Each structure stands twice: as structure tokens, then as C-alpha cells.
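Being a predicted model, the structure only gives us computed values, none of them experimental. To find a chain, count down the sequence lines: A is the first, B the second, and so on, and within it residues start at 1.
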Number of protein chains: 2
Amino acid sequence: MFSRAEENYLKAIYHLEQQIQGEVSTNAIAERMDTKPSSVTDMVQKLAEKEVLSYKKYKGTLLTPNGRKIAANVIRKHRLWEVFLVEKLNFQWDEVHEIAEQLEHIQSDELVSRLDRFLGNPDFDPHGDPIPDKHGNVKRTEKKLLSECDKNQRGVCVGVKETSAEFLQYLDKRKISIGTKIKVLGKEFFDGSMIIQVGGDQFFVSQKIAENLYVQTN
Amino acid sequence: MFSRAEENYLKAIYHLEQQIQGEVSTNAIAERMDTKPSSVTDMVQKLAEKEVLSYKKYKGTLLTPNGRKIAANVIRKHRLWEVFLVEKLNFQWDEVHEIAEQLEHIQSDELVSRLDRFLGNPDFDPHGDPIPDKHGNVKRTEKKLLSECDKNQRGVCVGVKETSAEFLQYLDKRKISIGTKIKVLGKEFFDGSMIIQVGGDQFFVSQKIAENLYVQTN
DNA sequence: TTTTATTTTTAGCCTTGTCTAAATATAAGG
DNA sequence: CCTTATATTTAGACAAGGCTAAAAATAAAA
Ligand SMILES: [Mn+2]
Ligand SMILES: [Mn+2]
Ligand SMILES: [Mn+2]
Ligand SMILES: [Mn+2]
């Protein structure tokens with residue numbers, strides 16, 4: 001078994017591995033976990049003992065297949081609980097992350113399996129992120145940032161990069177959620193801002209917005 | 001805020017206070033929590049500092065009103081989650097306790113409030129135990145043990161004293177659950193055994209069974 | 001009322017997970 | 001290639017929560 005702290009480290013390293021493709025540095029983990037690098041060194045050495053990651057001094061770490069599976073399972077639980085909170089308890093999508101951070105550590109495979117079924121075996125969480133299956137496999141979809149779209153391109157919102165309540169509430173205000181159709185009406189190359197069409201409305205979005213919204217175009 | 005360990009102590013002391021009416025001894029807490037008395041002394045002194053219980057050396061402890069409220073809230077969460085597991089995820093009533101032991105520590109008043117509503121504001125958990133309200137008040141019902149019933153008396157099963165999986169599964173086998181009507185057909189004073197009627201069936205129950213089943217007669 | 005048994009507390013130690021301060025490796029600049 | 005800057009690790013400490021062994025208080029017996 002892995003403690004709550006260990007699970008959180010594995011999850012953080014899993015996410016960092018995807019972002020930066022390759023060894024994850026001690027400082028990167030410390031920053032993400034909001035702890036000190038010295039604490040990370042300690043924990044990473046312990047996790048290496050447990051064979052869930054490989055570690056060489058000063059060289060960074062990489063999850064082992066087993067470590068990756070454990071991390072994916074924590075993420076699976078996090079996202080399933082988020083679906084539960086939004087779909088069944090009617091939370092807003094910007095309110096669920098903190099609670100899911102707690103629920104993701106509940107240990108019971110049977111519970112996860114039944115929860116999954118109860119929710120209708122969802123593929124994505126309320127933020128558009130894919131839910132790993134019980135073996136830790138993730139169905140990756142080709143998505144890109146709205147900022148990478150060209151003028152006149154159409155897409156469907158499939159996720160967010162930034163997940164702060166402020167950003168999610170901004171999207172709510174503009175009636176943008178997972179599944180919303182978006183068309184790029186114009187793009188300003190100087191500052192990366194865009195004019196987009198959403199339903200009947202058309203409005204301006206800054207580059208900061210466009211860089212944090214994932215769309216699927218095809 | 002109270003840690004998971006602190007919450008578990010408060011809950012244990014709350015339950016012991018009800019059983020033994022009065023100060024709870026260090027040894028009693030240790031036995032219930034499956035820890036050593038010395039550990040209990042440490043924790044009880046810390047909780048006295050936090051004003052959730054009163055403690056005088058060698059004299060035992062009593063919860064303060066605030067401590068009682070905190071304990072009742074943990075129990076509220078435990079029992080609400082048990083209802084969720086049985087009613088929504090179709091667990092058997094003998095399978096839910098361990099998982100609820102974990103879920104009872106999830107911290108979010110909003111979550112509890114929404115869960116309560118989602119479940120239809122239940123008054124009792126799957127074992128017939130009352131669910132405290134958000135202020136920590138418990139609706140006590142007059143119930144008695146089946147063993148205290150006389151011949152020809154009728155009652156409705158409203159709860160169990162023992163909650164082991166073995167006992168609950170025994171009841172399942174005999175088609176006895178919360179709400180089941182029971183009639184005492186005969187009672188053997190020598191060994192406390194009974195013949196009871198449940199639905200169409202009538203069968204023998206030992207004193208041990210009769211002493212662990214609560215019924216409401218009126 | 002002594003003596004013995006039981007309960008409770010204290011003292012000291014351990015593990016987990018964190019921190020700060022200091023030491024050491026690696027990276028970057030000149 | 002040498003020197004400074006940055007990243008990383010080590011050493012030592014601490015708080016939470018547990019344990020064992022010993023001491024002290026209380027309860028029970030003689
Ligand atoms: Mn989340
Ligand atoms: Mn999410
Ligand atoms: Mn229970
Ligand atoms: Mn119960």
C-alpha cells in the first residue's frame with residue numbers, strides 16, 4: 001500500500017512527465033507539490049526503494065511501469081469523483097477539485113468499480129480530461145489549444161489547461177463548457193487575441209484565454 | 001481543524017459515553033480503538049487542550065458540548081456515506097463499514113449537505129442507526145432487543161447491535177432486514193432461544209441472535 | 001490496615017513527512 | 001579553464017501518533 005503522501009508524489013511526477021517528456025527534476029516536483037526540494041529528495045529515494053520510480057542522484061526521476069499504473073489509478077479516482085460531484089451532486093465544475101483531492105485517496109477497488117458503473121462509465125471528467133481505465137490506460141484524443149487555431153477554423157471545446165475557479169467562472173460567464181462549438185472569426189497576430197463565435201454571441205478573447213482552452217478540430 | 005486520528009478518538013469516546021453513561025476510562029478507549037493506553041493518555045491530554053473534552057488524571061474523560069458536536073458530525077458523515085453505498089452503489093449492508101470509515105473524514109460541509117439531499121435526507125443508515133442532523137442532534141427512537149420481547153409480541157426490525165459481516169449475512173440468509181416484521185411464537189427461558197415468524201417462514205433463533213437485533217414494538 | 005492487583009501516566013524511543021541550514025554537484029559565463 | 005550561479009543532496013531538527021518499559025496512583029484483597 002501507498003500512503004496519501006506517496007500517492008500525491010506519484011501523481012505529481014506522472015503529470016510532470018507528460019508535460020516535459022523525460023526525467024523530472026527535484027525542483028519541478030517541489031514546485032508542483034508546494035514543498036521544499038530537500039523533502040522531495042527524501043521521498044523520491046524512498047519511492048525508488050519501493051520500485052515505483054527510478055532515481056539517480058542529480059539526474060531526476062522517471063516512473064516505472066508499476067509507478068505509472070499507481071499514479072493513473074489515483075487520477076482515475078480523482079476524475080471519477082469529479083464526475084460524481086458535478087453530475088450527481090450538482091456542484092459547479094470549478095468547485096470540485098479540492099474535494100476530489102481528498103476522495104482520490106479512498107482505498108477500495110470495489111468502490112471505484114461500482115462508482116464507475118453508477119456514473120455510466122464516463123470517459124472524461126467535467127474539465128474534459130480523460131479518465132484512465134482500471135489498468136491505467138488513457139485514451140488520448142487529439143486536441144489543440146484554441147490559440148493554435150487559424151481564422152475561420154471551427155472546433156469543439158474539449159478541455160481546459162488552466163483549472164482555477166477564476167478561469168472556469170470566466171468560461172461559465174461566456175457560456176463556454178465542454179462540448180461548446182467555437183469558431184474563430186478573427187485573429188490578431190500582434191497580441192494573439194481573437195474574436196470568436198460561441199452560439200449566437202461573438203466576442204473578444206485574449207491570448208491568455210486562448211492558450212488555456214483545448215478544442216478538437218476535424 | 002481536527003486530524004483523522006483526533007476525529008476517530010472523539011467518535012470512539014462519543015460511543016463509549018452512550019454505552020457506559022458517565023466518564024470514559026483510558027483503558028476503555030484503548031480497547032475500542034485498538035491502541036495502547038499510553039497512546040490514549042497522550043491524545044486525551046491533547047484533546048483536553050483543544051477543549052473538546054474534559055480530563056482529570058486518573059478520572060477519565062467526558063466530551064464537552066463542542067466535542068460532542070464534532071463527534072456527531074463524523075458519525076453523520078459515516079452513516080450518510082453508508083446510505084450512499086447501499087442505496088446508490090448497491091453494496092450489501094455488511095460491506096460498507098470499512099469504506100465509510102474512510103469517507104467519514106472527508107472535509108466539506110457543502111459536500112455533506114448535498115449528499116444528504118441527494119440521498120433524500122435519510123433518518124437512518126442501512127443498519128438502522130439514526131443519522132445525526134447538521135447540528136449534531138440525534139433523533140432517538142424507543143427500540144428494544146428482540147430478546148426482551150415476550151411470547152406472541154410483534155415488532156419491526158429497526159436495527160442491529162452487532163454489525164459483523166457474519167451476523168449481517170446470517171440475517172440476510174433468514175431474510176431479515178430493516179423494516180422486516182417479526183412475531184415471537186415461542187420463548188425458551190432456559191437458554192433464551194426463541195421461535196419467531198418472519199414472513200411466511202418460522203424458525204429457531206438462539207439467544208445470541210435475539211440479543212443483537214433491535215425491534216420496535218407498539 | 002497492609003499488601004497485592006489493576007489502571008493510568010510518564011519517560012524514552014520510533015516512523016512518517018516535513019523543514020532549515022550547510023555541503024556538494026552540475027551548469028553557465030567569462 | 002576557472003569562477004560564479006543554480007540545482008540537488010545531506011545533516012539535523014521537529015510535530016504527529018504510535019509503541020514499550022517503568023513508575024505512580026487507585027482499587028481490591030487479605
Ligand atoms: Mn481536479
Ligand atoms: Mn478535473
Ligand atoms: Mn459503520
Ligand atoms: Mn452503520
Side-chain angles (χ1 to χ4, degrees), chain A residues 1-14 16-17 19-63 67 70-71 74 101-102 104-105 107, chain B residues 1-14 16-17 19-63 67 70-71 74 101-102 104-105 107:
Chain A
M1 274 314 95
F2 289 83
S3 71
R4 170 171 307 229
E6 289 171 331
E7 286 189 343
N8 281 332
Y9 273 91
L10 291 174
K11 184 169 64 124
I13 296 167
Y14 180 98
L16 287 167
E17 269 188 12
Q19 273 175 43
I20 65 190
Q21 296 298 49
E23 276 84 5
V24 178
S25 75
T26 298
N27 269 10
I29 299 169
E31 181 154 7
R32 173 145 191 143
M33 307 264 310
D34 202 31
T35 60
K36 300 295 168 183
S38 54
S39 305
V40 173
T41 299
D42 281 353
M43 180 57 93
V44 147
Q45 288 176 348
K46 194 172 61 159
L47 291 173
E49 289 288 317
K50 293 195 173 190
E51 320 244 342
V52 287
L53 54 78
S54 64
Y55 163 74
K56 266 163 291 178
K57 275 188 192 172
Y58 299 102
K59 288 296 194 176
T61 68
L62 268 185
L63 295 179
I70 293 164
V74 176
E101 282 296 313
Q102 299 180 60
E104 73 188 3
H105 301 292
Q107 312 230 286
Chain B
M1 274 316 92
F2 289 83
S3 72
R4 168 173 306 229
E6 290 170 332
E7 285 189 344
N8 281 332
Y9 273 92
L10 291 174
K11 186 169 62 123
I13 295 167
Y14 180 99
L16 288 168
E17 269 188 13
Q19 272 174 43
I20 66 190
Q21 297 297 49
E23 275 85 5
V24 178
S25 76
T26 298
N27 269 9
I29 300 170
E31 180 154 7
R32 174 145 191 142
M33 307 263 314
D34 202 30
T35 60
K36 300 294 166 182
S38 55
S39 306
V40 173
T41 300
D42 280 355
M43 180 57 94
V44 148
Q45 289 176 348
K46 194 171 63 161
L47 291 173
E49 289 287 318
K50 293 195 172 188
E51 320 244 340
V52 287
L53 54 78
S54 64
Y55 163 74
K56 265 164 289 176
K57 275 188 192 173
Y58 299 101
K59 287 297 194 177
T61 68
L62 267 185
L63 294 179
I70 292 164
V74 176
E101 282 296 313
Q102 300 180 59
E104 73 188 3
H105 301 290
Q107 312 228 285

From [atom1] ([X]) to [atom2] ([Y]), nearest 0.5 Å:
{"X": "A:Gln107", "Y": "A:Phe2", "atom1": "CD", "atom2": "CZ", "answer": "10.5 Å"}
{"X": "A:Arg4", "Y": "B:Arg4", "atom1": "CZ", "atom2": "CZ", "answer": "5.0 Å"}
{"X": "B:Asn8", "Y": "B:Asp34", "atom1": "CG", "atom2": "CG", "answer": "12.0 Å"}

Heavy-atom contact window of chain B on DNA chain D, given 5' to 3' at under 4.0 Å: D:dA16 to D:dT26
Sub-4.0 Å heavy-atom contacts from residues 6-14 of chain A onto DNA chain C, ordered by number: A:Tyr9
DNA chain C-proximal residues of residues 32-48 of chain B, any heavy atom under 4.0 Å: B:Pro37, B:Ser38, B:Thr41, B:Gln45
Main-chain N/O of A:Lys59 paired to A:Glu23 side chain as donor or acceptor, under 3.5 Å: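 Between the backbone of A:Lys59 and the side chain of A:Glu23 there is no qualifying donor-acceptor contact (under 3.5 Å).
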B:Leu63 backbone acceptor or donor facing B:Glu17 side chain under 3.5 Å: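 Pair found, side chain donor or acceptor close to backbone of B:Leu63.
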Trace of the side-chain contact (heavy atoms from CB on, under 4.5 Å) decision for B:Thr61 with B:Ile29: CA-CA 10 Å; B:Thr61 68; B:Ile29 300 170; 4.1 Å; yes
Contact nearer the 5' end of DNA chain C, comparing B:Lys59 with A:Lys57: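 Nearest-nucleotide comparison on DNA chain C picks B:Lys59.
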Separation of [X] atom [atom1] from [N] atom [atom2], in whole Å?
{"X": "B:Tyr58", "N": "C:dT8", "atom1": "OH", "atom2": "P", "result": "10 Å"}
{"X": "A:Glu49", "N": "C:dT15", "atom1": "CD", "atom2": "P", "result": "14 Å"}
{"X": "A:Tyr55", "N": "C:dA25", "atom1": "OH", "atom2": "C1'", "result": "11 Å"}

Verdict with reasoning, B:Leu53 to B:Val24, per side-chain contact (heavy atoms from CB on, under 4.5 Å): CA-CA 11 Å; B:Leu53 54 78; B:Val24 178; over 6 Å; no
Side-chain heavy atoms of A:Val52 within contact of A:Tyr9, under 4.5 Å: no
Distance below 4.0 Å between B:Asn27 side-chain N/O and C:dT6 OP1 or OP2: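 The answer is no; no side-chain N or O of B:Asn27 sits under 4.0 Å from OP1 or OP2.
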B:Glu104 and B:Lys11: CA distance, side-chain angles, deciding distance, side-chain contact (heavy atoms from CB on, under 4.5 Å) verdict: CA-CA 11 Å; B:Glu104 73 188 3; B:Lys11 186 169 62 123; 3.1 Å; yes
Worked check of side-chain contact (heavy atoms from CB on, under 4.5 Å) between B:Asn27 and B:Glu31: CA-CA 6 Å; B:Asn27 269 9; B:Glu31 180 154 7; over 6 Å; no
Within 6.0 angstrom of B:Lys50 NZ, more than 12 heavy atoms from elsewhere: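 Yes, NZ of B:Lys50 has more than 12 neighbouring heavy atoms, counting only those of other groups under 6.0 Å.
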